[in-house]
Amino acid sequence: MDINALKTALRVAELGSFSAVAREADVNHSSVSRAIATLEDRLGLRLFQRTSQTLSLTAEGEQYLRRVAPLVEQLEDVRRDVRHDRTKPRGLLRLTASVAYGTKQIVPHLTGLQRRAPELEVELILSDANLDLIAERIDLAIRLAPAPEGDLISSRLHSTRYHVVASPDWVERNGLPDGPDALGDIACVRGTLPGHRDNWQFRDRNTGYVRQVAISGSAMISNPLAQLEAARTGFGPALLADWLLHEDLEAGRLVDLFPKQDVTATSFETAAWLLYPSRTYLPAKVRVAIDHLRKVRR
């Protein structure tokens with residue numbers, strides 16, 4: 001049922017005139033008349049008794065509009081509330097990211113987001129699986145990939161670079177590797193994702209030369225946070241992302257073994273991407289979260 005037609009009928013009943021409603025809405029008299037006629041046709045009943053001089057509600061029309069008036073008002077209240085939600089960050093924001101990224105890059109900034117949007121409630125879903133945003137009713141996702149796939153709206157949050165790192169204790173015991181090829185004889189901390197467990201790629205920043213190095217090691221660890229801890233405790237070199245490492249590198253808890261090399265397991269062009277279902281209807285809660293995440297990355 002057309003809510004605007006119902007609102008027009010209620011206003012006609014209140015003012016007692018098609019012309020008065022037309023003047024109030026700044027439309028033609030015929031537009032109001034057609035709207036009422038279409039509504040009556042869909043309802044299968046006559047709302048108004050018309051003559052050349054008078055306009056009055058029929059008995060059926062009076063009964064129908066009396067009962068529908070509070071429903072129309074409730075619908076208007078809902079519409080106003082929803083529009084308010086789109087302009088002011090409030091309600092539940094369902095946000096997902098990988099376990100490592102969410103722990104290191106999102107959780108520390110939840111306090112700042114809460115201060116910016118005190119009426120916002122955040123449900124942070126940490127999962128290394130790529131959850132279905134539509135099926136899971138997720139508002140915003142952060143994915144780590146060379147480029148996003150699928151029909152979701154995507155926006156680059158920041159680039160990602162990888163480094164091979166080890167603890168100062170490990171370096172003291174084993175010395176710095178002569179070059180990337182030396183890793184073939186060193187027990188490394190290996191990931192479990194395809195490409196992360198067997199081969200790492202190195203690109204010389206001066207010459208652009210790319211080499212692939214086969215790696216080995218007795219430990220394969222699925223979670224980057226656990227790989228980080230293994231590297232910190234001297235287990236061996238690990239390939240980890242810059243967003244996971246910067247604090248340890250600055251504090252001297254880890255050493256970049258190949259500072260003149262770009263390193264990756266899969267692609268040199270990787271990034272963190274913001275993904276959300278729709279660009280057209282972007283609620284304020286999603287906009288403020290995106291803006292906050294961009295600011296804390298600067």
Side-chain angles (χ1 to χ4, degrees), residues 97-98 100-101 104-105 128 130 142-150 154-168 170-217 219-228 230-232 234-275 293-294 296-298:
S98 70
Y101 192 92
K104 292 289 289 186
Q105 295 296 103
D128 292 328
N130 287 339
I142 299 177
R143 300 266 168 84
L144 307 172
E149 299 178 353
S154 62
S155 175
R156 183 191 291 263
L157 180 59
H158 61 81
S159 297
T160 300
R161 297 291 177 262
Y162 285 83
H163 305 269
V164 176
V165 297
S167 69
W170 185 92
V171 173
E172 184 177 346
R173 287 186 285 110
N174 297 275
L176 287 170
D178 292 334
D181 291 331
L183 289 177
D185 299 319
I186 295 173
C188 297
V189 179
R190 302 159 65 195
T192 59
L193 291 174
H196 286 252
R197 69 177 70 184
D198 299 318
N199 297 282
W200 294 346
Q201 298 179 58
F202 293 80
R203 182 174 62 192
D204 189 288
R205 290 178 185 166
N206 294 323
T207 65
Y209 176 72
V210 176
R211 60 164 58 84
Q212 182 171 281
V213 176
I215 61 165
S216 61
M220 288 187 292
I221 303 175
S222 63
N223 188 278
L225 290 171
Q227 295 172 34
L228 174 64
R232 282 175 179 161
F235 194 89
L239 175 66
L240 295 167
D242 51 1
W243 51 262
L244 193 59
L245 293 171
H246 62 88
E247 293 177 353
D248 288 281
L249 290 173
E250 290 177 0
R253 292 188 292 268
L254 289 172
V255 177
D256 188 345
L257 300 183
F258 306 102
K260 296 182 180 179
Q261 298 276 342
D262 294 322
V263 196
T264 187
T266 54
S267 171
F268 290 105
E269 302 302 323
T270 57
W273 298 88
L274 296 162
L275 295 134
L293 290 171
R294 289 194 183 283
V296 298
R297 285 298 307 176
R298 291 173 188 167

Which heavy atom of [X] sits nearest to which heavy atom of [Y], and what is that distance?
X	Y	value
Trp200	Ala265	CD1-CB, 4.5 Å
Thr160	Ala241	CG2-CB, 3.8 Å
Val164	Pro237	CG1-CB, 3.8 Å
Arg205	Gln261	NH2-O, 3.4 Å
Leu257	Trp170	CD1-CZ3, 4.3 Å
Pro148	Leu275	CB-CD2, 3.8 Å

Among pairs that include at least one residue of residues 249-258, which meet side-chain hydrogen bond (donor to acceptor under 3.5 Å, both in side chains), considering only residues two or more places apart or in two chains?
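Output for this query lists His163-Asp256, Asp248-Arg253.
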With rounding to the nearest 0.5 angstrom, report the [atom1] to [atom2] distance, [X] to [Y].
X	Y	atom1	atom2	answer
Leu228	Lys104	CG	NZ	6.5 Å
Tyr162	Leu239	OH	CG	7.0 Å
Asn130	Ser98	CG	OG	9.5 Å
Ile142	Tyr101	CD1	OH	5.0 Å
Leu274	His158	CG	NE2	8.5 Å
Lys260	Asp204	NZ	CG	9.0 Å

Counterpart residues, side-chain hydrogen bond (donor to acceptor under 3.5 Å, both in side chains), relative to [X] (two or more places apart):
X	answer
Thr266	none
Arg161	none
Ser159	Arg156
Asn174	none

Only counting residues at least two apart or in another chain, list the ones meeting ring pair (Phe, Tyr, Trp, His ring centres under 6.0 Å) with Phe202.
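Scan of Phe202 (ring pair (Phe, Tyr, Trp, His ring centres under 6.0 Å), adjacent residues dropped) gives Phe258.
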Under the criterion side-chain contact (heavy atoms from CB on, under 4.5 Å), I'd like the reasoning laid out for Ile221 against Phe235: C-alpha separation, chi angles, the key distance, then a yes or no.
CA-CA 12 Å; Ile221 303 175; Phe235 194 89; over 6 Å; no
Donor-acceptor pair, distance only, cut-off 3.5 Å: does the side chain of Arg203 make one with the backbone of Asp262?
no
Does the Gln201 side chain pair with the main chain of Thr264, one donor and one acceptor, at a distance under 3.5 Å?
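Such a contact is absent between Gln201 side chain and Thr264 backbone.
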Can you confirm whether Arg294 sits close enough to Ser155 that some side-chain heavy atom of one is under 4.5 Å from a side-chain heavy atom of the other?
yes
Who are the salt bridge (charged side-chain N to carboxylate O under 4.0 Å, His left out) partners of Asp242, not counting sequence neighbours?
none
Decide yes or no on side-chain contact (heavy atoms from CB on, under 4.5 Å) for Asp128 and Asn223, but give the supporting numbers first.
CA-CA 9 Å; Asp128 292 328; Asn223 188 278; 4.0 Å; yes
Extract all donor-acceptor atom pairs below 3.5 Å that involve side chains of residues 176-185 and protein atoms in other chains or at least two apart in sequence.
none

Go through the structure and list residues passing side chain to side chain contact (heavy atoms under 4.5 Å, CB included) with [X], not counting sequence neighbours.
X	value
Pro146	Ser267, Thr270
His246	Gln105
Ala145	none
Thr192	Arg197, Met220, Ser222

